[in-house]
Trainee: 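Here you go, one structure.
Atoms within each ligand, like the ligands themselves, are counted from 1 in listed order.
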Amino acid sequence: MTPERLQKYMAKAGVASRRRSEEIIAAGRVRVNGRIVREPGCKVSEADRVEVDGVVIARRSGFDYFILHKPVGILSTARDDRGRRTVLDLLDGALRDRRLYPVGRLDFATSGLIILSNDGELTHKLTHPRFGVAKTYLARTPVAATPEQLRRLAAGVLLEDGRTAPARVRLLPGGGSVPRLEITIGEGRNRQVRRMLAAVGLETSGLHRIAFGPLTLERGLAPGEYRPLRTEEIMALRQAAAGRGN
Ligand code: URA
């Protein structure tokens with residue numbers, strides 16, 4: 001690899017956009033071979049040890065895995081014939097040659113956790129209903145679900161593409177004027193949560209995914225932001241896809 005500017009190297013490793021990486025460098029948070037570097041122009045290559053906040057970053061030679069907070073109003077497809085913005089448009093240009101794609105779908109109007117990767121095998125296992133990897137959503141409804149509606153959702157409801165598998169459902173306390181329920185499903189059918197709620201007579205006024213297998217959307221990741229997954233997070237995802245640690 002030919003040496004490249006530190007902020008570009010950081011952007012390719014998925015630390016942050018190039019501009020944000022420049023700020024991180026200027027703040028003295030980056031060490032190259034043990035020495036704090038504040039000049040973004042500094043050139044580095046894979047032979048160099050680059051640390052951000054004490055964590056070594058490396059361009060992995062294999063697959064890439066990112067967690068992204070999808071905002072409402074962005075498509076979760078890789079591209080759109082009508083030119084609308086997709087989750088891939090949120091990535092820094094330096095990541096464009098990685099052939100990343102979204103792991104599963106979130107509706108245009110749904111926000112929350114989405115994984116981006118170029119690991120086809122893991123993607124298949126994470127999204128195929130047979131592997132049953134749990135996904136948890138917060139749904140806002142205009143009126144609070146009744147105990148009977150919660151019971152029906154948990155037991156499985158009949159949709160036009162068949163009965164849904166049992167789900168974990170609970171009404172969240174303290175929702176104020178906006179009732180919220182938390183629902184965890186192992187399948188991933190098209191618009192499944194909205195259709196399940198509709199099947200028991202509930203309208204969905206907002207939907208947000210807070211967890212995918214072992215990953216949760218932590219507070220630090222604002223809508224539109226992303227970061228690379230840590231090695232232990234990738235391992236936990238593999239375990240969940242193998243039916244463990246879900
Ligand atoms: N279920 C839905 O209805 N929509 C999503 O985006 C995800 C799950």
Trainee: CD of Glu121: more than 12 outside heavy atoms within 6.0 angstrom?
Mentor: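 Check fails, neighbour count at 12 or below.
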Trainee: Can you tell me which residue and heavy atom of the protein come closest to atom 1 (N) of ligand 1, and the distance to 0.1 Å?
Mentor: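 Checked against all protein heavy atoms, atom 1 (N) of ligand 1 sits closest to Val193 N, 3.1 Å.
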Trainee: With side chains defined as the heavy atoms from C-beta onward, is the minimum distance between Leu181 and Val169 less than 4.5 Å?
Mentor: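 Counting from C-beta outward, Leu181 and Val169 do come under 4.5 Å.
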Trainee: Show me which atoms of ligand 1 lie under 4.0 Å from any heavy atom of Thr110.
Mentor: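 Under 4.0 Å from Thr110, ligand 1 has these atoms: 4 (N), 5 (C), 6 (O).
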Trainee: Please confirm whether Arg194 comes within less than 3.5 Å of ligand 1 when only nitrogen or oxygen atoms on both sides are compared.
Mentor: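 Yes; at least one N/O pair falls below 3.5 Å.
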Trainee: Heavy atoms, side chains only, cut-off 4.5 Å: are Phe212 and Ile115 in contact?
Mentor: yes
Trainee: For ligand 1, which atoms have a heavy atom of Asp107 less than 4.0 angstrom away?
Mentor: 2 (C), 3 (O), 4 (N), 5 (C), 6 (O)
Trainee: Per the side-chain hydrogen bond (donor to acceptor under 3.5 Å, both in side chains) rule, what does the pair list look like for residues 81-93, sequence neighbours excluded?
Mentor: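 Those involving residues 81-93 are Asp80-Arg84.
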Trainee: I'd like to check which ligand 1 atoms, numbered from 1 as shown, lie under 4.0 Å from a non-hydrogen atom of Leu207.
Mentor: 1 (N), 2 (C), 3 (O), 4 (N), 5 (C)
Trainee: What are the atoms of ligand 1, with element, lying closer than 4.0 Å to any heavy atom of Tyr137?
Mentor: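 Near Tyr137, the atoms of ligand 1 are 7 (C), 8 (C).
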Trainee: Let me have the donor-acceptor pairs involving side chains of residues 149-158, under 3.5 Å, with sequence neighbours excluded, atom names and distances please.
Mentor:
from, atom 1, to, atom 2, distance (Å)
Gln149, OE1, Thr146, N, 2.9
Gln149, OE1, Thr146, OG1, 3.3
Gln149, NE2, Val200, O, 2.8
Arg151, NE, Glu148, OE1, 3.1
Arg151, NH2, Glu148, OE2, 2.9
Arg152, NH2, Ala199, O, 3.4

